[in-house]
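Below is one structure, written out as structure tokens, with a few remarks after it.
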Amino acid sequence: MHNRFFLLVVCLSWLVFSLCSCRQEEQINSKEQEQHGVVQVNQVAGFYLLNEGNMGSNKATLDYYDYSTATYSRNIFAEANPSVPKELGDVGNDLRIYGSRLYAVINCSNKVEVMDAATCRRLGQIDIPNCRYMRFSGKYGYITSYAGPVEINPDYKQRGYVARFDTATLQIDATCLVGFQPDELEIVGDKMYVANSGGYMVPNYENTVSVIDLKTFTEVKRIEVAINLHHLRADRHGMLWVTSRGDYYGHPSRLYCVDTATDQLTDSVMIAVSNFHLDGDSLYIYSTEWSYIEMDNTITYGIVDVSTHEIKTRNFITDGTDQQIKIPYGIWVNPVTKDIYVTDAKNYVTPGTLYCFSPEGVMQWSVRTGDIPAHFAAVEK
Amino acid sequence: MYNYFFTLATLALKKLLNFHLPSLTCLFEEKLVPLQTFLEMYIRRLTYLLLVLCATSVMAQRESLDSLAHTLTLDEVTISARRRDEPVVPVQTLQGERLEALSTQSVADAARYFSGVQIKDYGGVGGLKTIDVRSMGSNHLGVFYDGIEIGNAQNGTVDLGKFSMENIEQLSLYNGQKSEIFQPAKDYGSAGTLYIRTRRPKFDNNKRYNVVVTMKGGTFGLANPSILYEQKLTDNIHFSANTEYTYAHGRYHFRYRKVMPSGLVAWDTTAVRQNGDVNTWRAEAGFFGYLPDGKWHVKGYYYDSEKGIPGAIVNNVWKNSQRQWDRNAFVQANFTKTLLTGYDMQVNAKYSNDYMRYLNPDTTLMYIDNSFVQQEVYLSMAHRVKMAGAEAVVPTWQASPLSWDMSVSADYQYNTLDGNLANFVFPERHTTLVAAATQLYWKYLRLQASVLGTFVKDKIHQPTLTTPTASAQKPQFTPAIFFSYQPYLKEELFLRAFYKRIFRMPTFNDLYYTDMGNISLLPEYTTQYDGGVQYDKHFPKCLLSDISLKVDGYFNQVKNKIVAIPKGNGQYRWQMMNYGYVEIRGCDINASATFALPADVCLVIAGSYTYQKAQDFTDKSEITYGGQIAYIPWHSGSAIANLRWHGLGLNYSFIYVGERYHNSANIPANYERPWYTHDLALSYDLELRQLLHEHKHSLPRLHFALEINNMLNQQYEVILNYPMPGINGKGIIKVIF
């Protein structure tokens, strides 16, 4: 008798469990808001921060800091665009505001997401495989891409290109082949400079900057700089600051200076650069270098004066907070208050941290971000 | 002569155990028989049993040599002999009808039914499937195929999706190590071990051969024919060959859907999983020999596959084009013999050659065409000496007399890896393993203790240097101790506990992968503490005929965990470091009940439940500190109900994986919902001989099965952005000659 009872209990508990375990539907990501810092009213209304998200995770997210309310909003894209399948995409690589629009380059989703800069609402997308960085000039936007023409050829080495798109139609109307695996680009007058990395060609890295004539949109020149180039920034003295990643072995990372009047390499500064931000004459730099002796990263936070080419400091963080930052990844300086913003990407798979430092290098506040916080775009009134 | 004894002995044992013993136990249970009479009967039967055992000492010897007792196919004998060993080390086994009823495609699919196990499944027929036992990481699981470990010196991971369940007879999962001291030193060398045993030839009555032809087909374009051929060459030498081909286009629909907080649908999209095709051919052949005081076994294995790597589904990317080719071949041999009374020896040897090619043909991405060849030579010798006492095979209802065994085993292994990467260092590794173990059975107590010494020497060929560089890891000595206690002789109740400390060596990739490897890595250690209880009971002539319950609680630590740390300047540059520290507190429960229902209906209900709190205690300053580690659910479990009536079988199985996070930062953005699948399989065995009332032996037996998996068509992911198939089905026809 007790056996039948046992059987009944088993069946009943199963039924109860099945009914209780109805699976909840997956909700869109809601934004999370936190108060940090103090209210500031000036022409900088706020800034967007693009979190890259690790490759394959589809976790590129957008955060926004609003100076008028001192509110940090995390992961705002999904809520602003609830009907977009699979959200922003995989690996954000660049973020720009041009006109009233916000453009996010999403590398592994092979697209540039085009949004309204005020609301973050999606306006459209530009499909471009393996896209890296972008700049604007006039009615055009320019995007570098690692993806060369598709050919069937076993010895084929793929040259990258710059694609030009019309900001009105969001259609690519021309491309210009450059070197292997082009990264950042910069526009100075009628010329465009593109840093070729050759990152897929290890150990045969590229060592040139391509110069493109914007009128004809053709490559007119190559300037030999150093191996594995990455970032480019033009200052107000007509100089172009170029970073080399080095080869991680014998050739260290360095900062180089190209004169845009003569298109000649004119100077180099003995500082390693992972990423930088130019504000006035101050080039804010951080660098992360792996030391095989200490089996650890050596991290530097420096400022280079672009008018004198001198290193003003090798540690602009003065209160010891630099000890907490594991992998600095993004850098930006508020053009009005000169507050310095540095992000920490930690181990690339966990949420990062955004630190706000006063111009004197004292931490004001910090906030949790998405995964791999990296690229800033300021919203100006 | 030999076989004659075998048949005679088994028949006798079957008769004794089957017909007399249950009733005896039953009578005893109900206390209807005076104790004296019972003892008389008992002693009489025991004497009979001992006589039979003596008469078949040959067989018994073989039996004792092989703890898994597979040569005796009669369950009654198997169980009583096996249970001697079982409780010392917690073990979970799937075999025979129960395994067949689950009708799983790969070893990984079957391993999901074990408790304490989390499967990492990238979806589809050809997707990578690994298992993680008690959250220590899949690198800590040793996988043994027919007794010898399958190595992967390159990355330490064995893809269990590659091992088809066709021709697999038994899967056993041990926490700690196998409950056996007469084994190679390697068997002591993992935190958990999975033994995959292929079918051994066995022949009914006068048959000298078996042929089984199987055809499976189903969704994903699955076509999976296989043939098994077994031949009794002589009474003592059996031959078996088995080959299988698997094709699947691997396409299936998957659906992603999210809702607004209000419940309205935000977006809902369905797509087809692409580039999941599989083309695999496997062939195995082996000889099984039986000697008067021993046995031997030689087998060859060949596996050749080409498959697509479906990849992650991310925004704007619904298709990938990466491909992978694998070719694995090995030959292995085992020789076991009792040299003197109380002294056994076994020798194992293996050579394996594994080729892998990975291709990324997409030139919009980085074009990659890498290939690697791994080779392994393995030699092992194990000795066991009986120090005191008699053979350990004694029925469970009897207290063991003192039995004390000692064993020593020594293994040597040589691994190489060739690859076409830039700056590749062509590593070689010499591993010497020496183990000493002892086993003591005394009255209600069983004790096993072992210590393993590991000596590793690597050699690498730096591209810049003309002579190779040698480096040696510090010798490692790691102990394990297992203990079990049976408080009441007449009850199959066992209390047990174990402690084991072991490590995994850094793999070739960890140490030497171009640019990422770290030559100064130390081994990654695990320490396990486990305490448990097991109870089995048989109720003769009852509706509920058998119950079994196993409960284990454990605490594990993973120290010096090898993790990738971002390094330097530039994207996706990593460095392997001994960085992590994880603590795991868990509980595994297994329960089963067998019902002998009226009208010959047999119902088996089995369930497993796992609770795990696996916390990342690596860095106190991080949000991940104390967080549940990636993809480990707090609650998971499985349930199986199997109904059998004559040749007809109905199997229902359920798998549940509770909520988890895909990262040890346990924040809403990393939350993963629970998932669960309901599978149903119907099978029918048909004896054509009986059907046609003919007594020709040439008429085959037929087996039909139909299964529906994920019946509720649940859309789920085990790994983020790797969608799993919804409802799918399979049909099987098997002809057994």
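Here is how names work: the chains are called A, B, and so on, in the same order as the sequence lines, proteins then strands, and each is numbered from 1.
Taking every heavy atom of both residues into account, B/Q575 and A/W290 meet most closely at CG-CZ2, 3.2 Å. Residue B/Y716 comes nearest to A/R23 through the heavy atom pair CB-NH2, 3.7 Å, listed as atom of the first residue, atom of the second, then distance. Scanning all heavy atoms of the two residues, the minimum distance from B/N316 to A/S109 falls at ND2-O, 2.8 Å. Nearest heavy atoms, B/W267 versus A/I28: NE1-CG2, 4.4 Å. When all heavy atoms are compared, the tightest approach of B/A312 to A/G56 is CB-O, 3.7 Å.
Only the backbone of A/L88 comes within contact range of chain B, with at least one heavy atom under 4.5 Å from a heavy atom of that chain. With a threshold of 4.5 angstrom between heavy atoms, B/I667 approaches chain A through side-chain atoms but not through N, CA, C or O. For chain B, the nearby part of A/E32 is the side chain; its heavy atoms alone come within less than 4.5 Å. When heavy atoms are compared at a cutoff of 4.5 Å, A/Q324 does not approach chain B at all. In this structure, chain B has a heavy atom under 4.5 Å from the side chain of A/P129, while its backbone stays farther away. For B/P261, the parts sitting under 4.5 Å from any heavy atom of chain A are the backbone and the side chain alike. For B/V259, the parts sitting under 4.5 Å from any heavy atom of chain A are the backbone and the side chain alike. Of the atoms belonging to B/A266, heavy atoms from both backbone and side chain fall under 4.5 Å from chain A. Only the backbone of B/Q715 comes within contact range of chain A, with at least one heavy atom under 4.5 Å from a heavy atom of that chain. For a residue to count as touching a neighbouring chain, one of its non-hydrogen atoms must lie under 4.5 Å from one of that chain's; by this rule A/D127 touches chain B with the side chain only. Contact annotation for A/R74: neither backbone nor side-chain heavy atoms come within less than 4.5 Å of a heavy atom of chain B.
Listed options B/E622, B/H662, B/M577 were ranked by heavy-atom pairs under 4.5 angstrom with chain A; first place goes to B/E622. Per-residue heavy-atom pair counts under 4.5 Å with chain A were compared for B/G311, B/G263, B/P361, B/P674, and the maximum is reached by B/P674.
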Stepwise side chain to side chain contact (heavy atoms under 4.5 Å, CB included) test for B/N721 and A/K86: CA-CA 10 Å; B/N721 300 325; A/K86 288 249 143 195; 2.9 Å; yes

A/K326 vs B/D619, salt bridge (charged side-chain N to carboxylate O under 4.0 Å, His left out): CA-CA, chis, key distance, verdict: CA-CA 12 Å; A/K326 299 209 165 57; B/D619 188 339; 3.1 Å; yes

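Rounded to the nearest 0.5 angstrom, A/E25 CD and B/L264 CG are separated by 11.0 Å. Between A/N29 atom CG and B/K258 atom NZ the span is 4.5 Å, to the nearest 0.5 Å.
Judged by distance alone, the side chain of B/N663 and the main-chain N or O of A/V349 form a donor-acceptor pair under 3.5 Å.
For A/F180, the CZ atom sits in a packed shell: over 12 heavy atoms of surrounding residues, nucleotides or ligands are nearer than 6.0 Å.
When B/R257, B/E672, B/R673 are each tested for a side-chain contact (heavy atoms from CB on, under 4.5 Å) with A/E26, only one passes: B/R673.
The side-chain heavy atoms of A/K346 and B/I623, taken from C-beta on, include no pair separated by under 4.5 Å. You'll find the side chain of B/N670 reaches within 4.5 Å of the side chain of A/K59, heavy atoms only. Residues A/V84 and B/N315 meet the side-chain proximity criterion, which asks for heavy atoms closer than 4.5 Å.
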